[in-house]
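Just so you know, these numbers use all the heavy atoms, side chains as well, and skip hydrogens, waters and symmetry mates.
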Amino acid sequence: FKRVNDRFGHQIGDEVLRHTARVIKEIFGTDQLIGRIGGEEFAVRLNHSEESEVIEKIQALRERLAGRARRRTDPPVTLSFGFGMAKENEGLESFRQRVDDALYRAKKQGRNRAIRATA
C-alpha cells in the first residue's frame, strides 16, 4: 500500500485498503477472524479449512484485487501470502511466527505469491 500511497496519494491508498478489506471478507467469509496486523498486512484465521480450500481462496482474492477483475483505472495491487495449518497443541505465537516467516519469504522471492509455512 505504500507504493499506492506514494504514486496515487493517501486518499486512493485508503480507498484501496478499504476495498481490500471488503474483498477479504467476501472471499473468506464473515464468520472468520480477519484483521489488519500491520500497515499492509492482514491476517485471516480460518476454522476447519483444508489447505486446498485456502489456496483456492487466496487465488480468488488475488484475481479480484490484481487480476482480471481489476479495472484499468485501479492502482496496481500485488498480494503476497504466508499461510499454514496450525500444528496440534501449537501456541498462537509460534504459529503466527511461522506464517509471518512464510510471508517474508514470499516477499523476498519477488512478491505476488503464496508460500506455505514450514514446520
Side-chain angles (χ1 to χ4, degrees):
F1 294 105
K2 181 181 177 352
R3 290 181 186 164
V4 172
N5 285 340
D6 291 348
R7 183 171 175 198
F8 296 95
H10 288 276
Q11 185 173 356
I12 299 296
D14 288 348
E15 183 180 315
V16 169
L17 191 57
R18 285 190 300 274
H19 177 67
T20 299
R22 278 192 305 273
V23 173
I24 289 171
K25 273 182 155 176
E26 289 172 16
I27 289 177
F28 288 99
T30 57
D31 58 335
Q32 306 301 331
L33 179 61
I34 300 169
R36 184 173 172 208
I37 60 171
E40 59 185 16
E41 296 177 357
F42 291 87
V44 180
R45 186 191 74 200
L46 301 174
N47 297 317
H48 312 293
S49 295
E50 296 294 324
E51 185 173 325
S52 60
E53 180 184 357
V54 173
I55 292 169
E56 191 176 293
K57 288 179 186 253
I58 287 172
Q59 188 57 32
L61 179 62
R62 289 176 71 195
E63 286 181 11
R64 283 278 304 278
L65 293 175
R68 294 186 296 266
R70 186 178 162 276
R71 299 172 302 190
R72 288 185 316 209
T73 55
D74 290 343
V77 175
T78 61
L79 302 166
S80 300
F81 298 87
F83 72 95
M85 306 307 249
K87 297 184 282 188
E88 190 173 333
N89 299 321
E90 180 176 27
L92 180 60
E93 185 56 33
S94 171
F95 177 63
R96 189 206 62 78
Q97 187 61 55
R98 285 191 312 110
V99 173
D100 198 47
D101 290 346
L103 171 62
Y104 281 94
R105 284 197 315 274
K107 289 180 177 183
K108 282 184 178 180
Q109 291 180 22
R111 299 183 178 269
N112 206 29
R113 65 191 69 233
I115 302 288
R116 187 183 199 288
T118 56

Taking every non-hydrogen atom, the tightest pair across [X] and [Y]:
{"X": "Ser80", "Y": "Arg111", "result": "OG-CA, 3.3 Å"}
{"X": "Leu79", "Y": "Phe81", "result": "CB-CE1, 3.5 Å"}
{"X": "Glu51", "Y": "Arg116", "result": "OE1-NE, 2.5 Å"}
{"X": "Val99", "Y": "Gly84", "result": "CG2-N, 4.0 Å"}

May I ask whether [X] and [Y] are part of the same hydrophobic cluster, defined by side-chain heavy atoms of I, L, V, M, F, W, Y residues being less than 4.5 angstrom apart, directly or through others?
{"X": "Phe95", "Y": "Ile58", "result": "no"}
{"X": "Ile27", "Y": "Ile24", "result": "yes"}
{"X": "Ile55", "Y": "Ile115", "result": "no"}

Which residues pass the side chain to side chain contact (heavy atoms under 4.5 Å, CB included) test with Glu93, sequence neighbours left out?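 Only Arg96, Gln97 meet the side chain to side chain contact (heavy atoms under 4.5 Å, CB included) criterion with Glu93.
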
The criterion is side chain to side chain contact (heavy atoms under 4.5 Å, CB included); which residues satisfy it with Ile12, sequence neighbours excluded?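 If we apply the side chain to side chain contact (heavy atoms under 4.5 Å, CB included) test to Ile12, skipping adjacent residues, the hits are Val4, Phe8, Glu15, Val16, Pro75.
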
Please tell me if the side chains of [X] and [Y] come closer than 4.5 Å, counting only heavy atoms from C-beta onward.
{"X": "His19", "Y": "Arg22", "result": "yes"}
{"X": "Val44", "Y": "Lys57", "result": "no"}
{"X": "Phe83", "Y": "Leu46", "result": "no"}

Are more than 12 heavy atoms from other residues, nucleotides or ligands located less than 6.0 Å from atom NZ of Lys25?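 No, because the 6.0 Å sphere around NZ of Lys25 holds 12 heavy atoms or fewer from other groups.
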
Quick check on Glu53: does its CD atom have over 12 non-hydrogen neighbours (other residues, nucleotides or ligands) under 6.0 Å away?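 Check passes, neighbour count above 12.
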
If we ignore hydrogens and angles and just use 3.5 Å, is the side chain of Arg98 paired with the main-chain N or O of Met85 as donor and acceptor?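 Present.
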
Give a yes or no on whether the backbone of Arg62 and the side-chain of Arg64 come within a donor-acceptor separation of less than 3.5 Å.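 The answer is no, because no donor-acceptor pair under 3.5 Å joins these two groups.
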
Test side-chain hydrogen bond (donor to acceptor under 3.5 Å, both in side chains) applied to Arg45 - qualifying residues, sequence neighbours left out: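 For Arg45 the side-chain hydrogen bond (donor to acceptor under 3.5 Å, both in side chains) partners, ignoring immediate neighbours, are Asn47.
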
